[in-house]
Amino acid sequence: MDKHAVVITRVAETQWHAVEDDLTVGRGYTSRRPDGRLFLSIDAWRGAAFEQLADAMLADLPKPLYTVVDEADLDLASQWERAGFTTRRREWEYLVPTDPRVTGLGSAPPPAGVTIVAVGRAEKGPLLTLDRVIRDEVEASVGWQEMPAEVLPRPDGLTVTDPSEYAVAVHADEYVGLLRVVTVPRRPRCKRIGLIAIRSDRRRRGIARALLAHVLGALHGCGIETAPADVNESNGAAVALFEGVGARRASSNLELVLR
């Protein structure tokens, strides 16, 4: 055997190593999302290692299998495509301005009868109830496979882990809409719009826009100029909401699948 051949070893249930001449030249990983789908990732720094890791992992694992790549990383996308993966969906990352002079949101009041509870002031009980209602509605329509990873239900059924991250809209003493603001790890001054969701019987009344206006205004007041947000390309309502306030597309991710 060639002393420089790449040897692939499954070192754990979710991890594979590629070794060449006693040096690790690549690693492959799997992670199962709470919706049950299995996602793959490969880090390889020798040309042949990626292909051989992919071959070994695909031989060991049941299909369908998924992965996510930055659309701008053409080499990585091509490597997964050569392994048999195809594009299932695209997710845009928007940079959303916070200045009301740019967004056009100004200081317009919420729709009649609606009040906005600021981030960190929502009551946990009503927030959990609203969250479960919205998630049931998503599951009954597009399904969780269309949602970003960070808003998937958790295995134990717990969905709201930190109520202090949410602003909510209230109508007739009920929580009817929510907006999650997430601090980006290792970047405390960067706030991400993690989720905007309105109960189905309260949509198309301007509540999502009112929540966004409130939160963006608060971020602007803290000196934050833009906030990133991820949007499924097929979610026309969310695309229209963000582009309507001047958000610009900064990047995109592709979710690939091997069936």
Side-chain angles (χ1 to χ4, degrees), residues 1-95 144-156 158 161-162 182-192 194 228-233 249-259:
M1 183 177 70
D2 184 347
K3 67 177 182 178
H4 296 299
V6 176
V7 177
I8 308 298
T9 305
R10 188 172 186 173
V11 298
E13 183 179 357
T14 62
Q15 187 172 349
W16 288 252
H17 282 182
V19 176
E20 181 182 15
D21 196 23
D22 296 326
L23 295 175
T24 299
V25 295
R27 295 185 178 92
Y29 305 89
T30 64
S31 60
R32 190 171 297 278
R33 294 194 180 178
D35 63 355
R37 293 184 299 154
L38 193 62
F39 277 72
L40 279 59
S41 63
I42 294 177
D43 295 321
W45 39 99
R46 295 282 176 88
F50 184 100
E51 182 178 347
Q52 292 178 253
L53 278 165
D55 287 345
M57 294 173 76
L58 299 186
D60 286 348
L61 298 169
K63 299 176 181 61
L65 298 167
Y66 301 83
T67 191
V68 175
V69 300
D70 182 338
E71 190 169 9
D73 191 340
L74 300 180
D75 289 341
L76 181 59
S78 294
Q79 287 176 312
W80 284 113
E81 288 168 359
R82 286 195 295 273
F85 283 74
T86 59
T87 299
R88 196 184 80 83
R89 69 169 186 159
R90 175 183 285 107
E91 192 169 278
W92 292 106
E93 181 181 68
Y94 282 92
L95 289 181
W144 286 115
Q145 68 274 11
E146 299 304 322
M147 300 298 285
E150 69 175 271
V151 297
L152 289 170
R154 298 177 184 274
D156 58 5
L158 181 64
T161 57
D162 187 355
V182 185
T183 300
V184 176
R186 297 180 296 279
R187 296 175 62 193
R189 289 286 297 167
C190 183
K191 305 295 183 180
R192 174 178 291 277
D230 294 328
V231 179
N232 189 336
E233 181 183 48
R249 295 175 183 177
S251 62
S252 58
N253 290 321
L254 298 177
E255 183 182 286
L256 309 180
V257 62
L258 175 66
R259 301 190 186 279

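Every heavy atom of this structure was used, including side-chain atoms; hydrogens, water molecules and symmetry mates were not.
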**Prompt:** What are the two closest heavy atoms between Val257 and Pro64, and how far apart are they?
**Reply:** CG2-CB, 4.2 Å

**Message:** Can you give me the closest heavy-atom contact between Ala250 and Leu95, atom names plus distance?
**Reply:** CB-CG, 3.9 Å

**Item:** Evaluation steps, side-chain contact (heavy atoms from CB on, under 4.5 Å), between Glu93 and Arg192
**Value:** CA-CA 10 Å; Glu93 181 181 68; Arg192 174 178 291 277; 2.8 Å; yes

**Salt bridge Arg32-Glu13, side-chain N to carboxylate O under 4.0 Å** = no

**Message:** Please report the interatomic distance CG(Leu74) to CD(Glu81), rounded to the nearest 0.5 Å.
**Reply:** 9.5 Å

**Test side-chain contact (heavy atoms from CB on, under 4.5 Å) applied to Met57 and Ile42, step by step** = CA-CA 10 Å; Met57 294 173 76; Ile42 294 177; 3.9 Å; yes

**Request:** Look up atom CD in Gln15 and atom OG in Ser41, then write down how far apart they are to the nearest 0.5 Å.
**Result:** 9.5 Å

**Item:** Worked verdict on Trp80 versus Thr67 for side-chain contact (heavy atoms from CB on, under 4.5 Å)
**Value:** CA-CA 8 Å; Trp80 284 113; Thr67 191; 3.7 Å; yes

**Asked** Is it true that a side-chain atom of Asp21 and a backbone atom of Leu23 form a donor plus acceptor pair closer than 3.5 Å?
**Response** no

**Request:** Please report the closest heavy-atom contact between Leu65 and Phe85, naming both atoms and the distance.
**Result:** O-CE2, 3.5 Å

**Request:** Mind checking the OG-OH spacing from Ser252 to Tyr94? Nearest 0.5 Å is all I need.
**Result:** 10.5 Å

**Request:** Would you name the heavy atoms of Asp230 and Glu91 that are closest together and state the gap between them?
**Result:** CB-OE2, 3.4 Å

**Message:** Does the structure place the NZ or CZ of Arg88 under 6.0 Å from the centre of the six-membered ring of Tyr66, at an angle of no more than 45° from the ring's axis?
**Reply:** no

**Item:** Heavy-atom pair with the smallest gap, counting every atom of Val69 and Ala77
**Value:** CG2-CB, 4.2 Å

**Request:** Check whether any side-chain heavy atom of Gln52 sits under 4.5 Å from a side-chain heavy atom of Glu20, and report yes or no.
**Result:** no

**Item:** Closest heavy-atom pair and its distance - Ala18, Val6
**Value:** CB-CG1, 3.8 Å

**Prompt:** Under a 4.5 Å cut-off applied to non-hydrogen side-chain atoms, are Leu53 and Ile8 in contact?
**Reply:** yes

**Message:** I'd like to know whether Thr183 forms a side-chain contact (heavy atoms from CB on, under 4.5 Å) with Lys191, so could you lay out the CA-CA distance, the side-chain angles of the two residues, the decisive distance to 0.1 Å, and finally the verdict.
**Reply:** CA-CA 5 Å; Thr183 300; Lys191 305 295 183 180; 2.7 Å; yes

**Item:** From Leu76 atom CG to Glu71 atom CD, the distance as rounded to the nearest 0.5 Å
**Value:** 12.5 Å

**Prompt:** Would you say Leu38 and Leu61 make side-chain contact, with heavy atoms under 4.5 Å?
**Reply:** yes

**Message:** Under the side-chain contact (heavy atoms from CB on, under 4.5 Å) test against Arg90, which residue among Val231, Asn232, Leu254, Asn253 passes?
**Reply:** Leu254

**Prompt:** Does the pair Glu51/Arg46 count as a salt bridge with the N-to-O cut at 4.0 Å?
**Reply:** no

**Asked** Going by atom types only, do Asp60 and Trp16 share a side-chain donor-acceptor pair under 3.5 Å?
**Response** yes

**Asked** Within the side chain of Trp45, is there an N or O that forms a donor-acceptor pair under 3.5 Å with the backbone of Thr24?
**Response** yes

**Message:** Test your reading of the model: is there a side-chain donor-acceptor pair from Thr30 to the backbone of Leu40, 3.5 Å cut-off?
**Reply:** no

**Request:** Report the distance from atom OG1 of Thr9 to atom NE2 of His17, rounding to the nearest 0.5 Å.
**Result:** 9.0 Å

